[in-house]
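Following: one structure in structure tokens, then a few remarks.
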Amino acid sequence: MKVNVVCIDNDSATVLDVAPDMEIMNVKALLEAETGVAMQSMILMFQENVLGDDEKSLSDYGVTDDSLVTVSSADSAQSTAAPSAETSAGVGAPSTAASTAPGLPNFDWSSVNVGAPAPARTQAASSHGAYSQQQQQQ
């Protein structure tokens with residue numbers, strides 16, 4: 001089967017032709033040669049799940065022909081997870097849920113109020129409405 005692989009660390013992509021029963025450890029060995037990411041620090045992701053058990057096969061994780069697997073190193077995942085000025089202000093703060101993908105931000109949307117009422121009208125908006133009413137009366 002062919003598995004599409006994207007490496008987050010170096011923005012590269014490759015296609016592996018592998019057997020469904022290939023163990024993750026062997027996939028990592030192939031990918032080390034392709035991506036330059038060391039096996040020991042390599043993180044494989046498929047459908048938001050870490051393929052963490054090196055003894056399991058691709059098919060054990062549900063990887064099928066033409067699937068997309070992402071690769072990153074644990075080192076790059078930690079460096080991109082460092083707090084920024086925005087995080088300390090609450091914007092982009094990591095959620096308490098498990099991270100979806102190493103190296104990618106995990107936003108906490110719990111404080112977003114989608115159905116919030118419109119803000120109160122300001123004096124400028126009120127006077128504009130009065131102007132419109134005067135204009136209609138003329």
Side-chain angles (χ1 to χ4, degrees):
M1 73 178 173
K2 296 193 185 303
V3 177
N4 301 296
V5 180
V6 174
C7 181
I8 294 172
D9 294 358
N10 60 16
D11 294 326
S12 65
T14 189
V15 177
L16 294 180
D17 194 1
V18 294
D21 61 347
M22 181 177 265
E23 292 179 341
I24 299 302
M25 177 178 16
N26 295 326
V27 173
K28 285 182 176 181
L30 281 174
L31 288 171
E32 183 175 32
E34 291 285 331
T35 65
V37 176
M39 280 179 59
Q40 296 80 7
S41 67
M42 189 178 292
I43 299 171
L44 298 181
M45 299 282 298
F46 173 65
Q47 294 182 344
E48 299 183 8
N49 295 310
V50 176
L51 310 183
D53 187 346
D54 285 346
E55 303 298 318
K56 285 189 174 183
S57 69
L58 290 168
S59 62
D60 290 338
Y61 283 107
V63 177
T64 58
D65 191 43
D66 206 34
S67 291
L68 175 65
V69 173
T70 57
V71 179
S72 67
S73 70
D75 298 334
S76 69
Q78 289 173 358
S79 66
T80 57
S84 66
E86 286 183 340
T87 302
S88 62
V91 177
S95 73
T96 56
S99 179
T100 57
L104 297 178
N106 191 10
F107 296 104
D108 179 7
W109 297 100
S110 63
S111 64
V112 175
N113 190 355
V114 176
R121 296 182 76 175
T122 63
Q123 179 62 32
S126 298
S127 63
H128 175 69
Y131 175 75
S132 296
Q133 289 175 352
Q134 286 176 350
Q135 196 173 23
Q136 287 175 356
Q137 291 174 355
Q138 293 176 354

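Nothing fancy with the numbering, it's 1 onward along the sequence.
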Which atom names give the shortest non-hydrogen contact between [X] and [Y], and what distance separates them?
X: I43; Y: A74; value: CD1-CA, 3.7 Å
X: Y61; Y: L51; value: CG-CD2, 3.3 Å
X: M39; Y: K28; value: CG-O, 3.6 Å
X: I8; Y: S72; value: CB-CB, 4.2 Å
X: K2; Y: D17; value: NZ-OD2, 3.6 Å

For E23, all residues meeting side chain to side chain contact (heavy atoms under 4.5 Å, CB included), sequence neighbours excluded | M25, N26, E55

List in chain and number order the residues that pass side chain to side chain contact (heavy atoms under 4.5 Å, CB included) with S67, two or more places apart in sequence or in another chain; answer none if no residue qualifies.
->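 Expected list: F46, V63, T64.
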
Following the transitive rule for hydrophobic clusters with a side-chain heavy-atom cut-off under 4.5 Å over Ile, Leu, Val, Met, Phe, Trp and Tyr, establish whether [X] and [Y] coincide in one cluster.
X: L30; Y: L58; result: yes
X: V3; Y: V71; result: yes
X: M42; Y: V50; result: no
X: V27; Y: V37; result: yes

For N4, all residues meeting side-chain hydrogen bond (donor to acceptor under 3.5 Å, both in side chains), sequence neighbours excluded =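 Only D66 meet the side-chain hydrogen bond (donor to acceptor under 3.5 Å, both in side chains) criterion with N4.
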
Take V6 and L68 through the test side chain to side chain contact (heavy atoms under 4.5 Å, CB included) and record every step on the way to the result.
-> CA-CA 8 Å; V6 174; L68 175 65; 3.6 Å; yes

Would you say the side chain of L31 lies within less than 4.5 Å of the side chain of L44, judging by non-hydrogen atoms?
->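 In contact.
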
Please lay out, stage by stage, how D60 and I24 fare under the test side chain to side chain contact (heavy atoms under 4.5 Å, CB included).
-> CA-CA 10 Å; D60 290 338; I24 299 302; over 6 Å; no

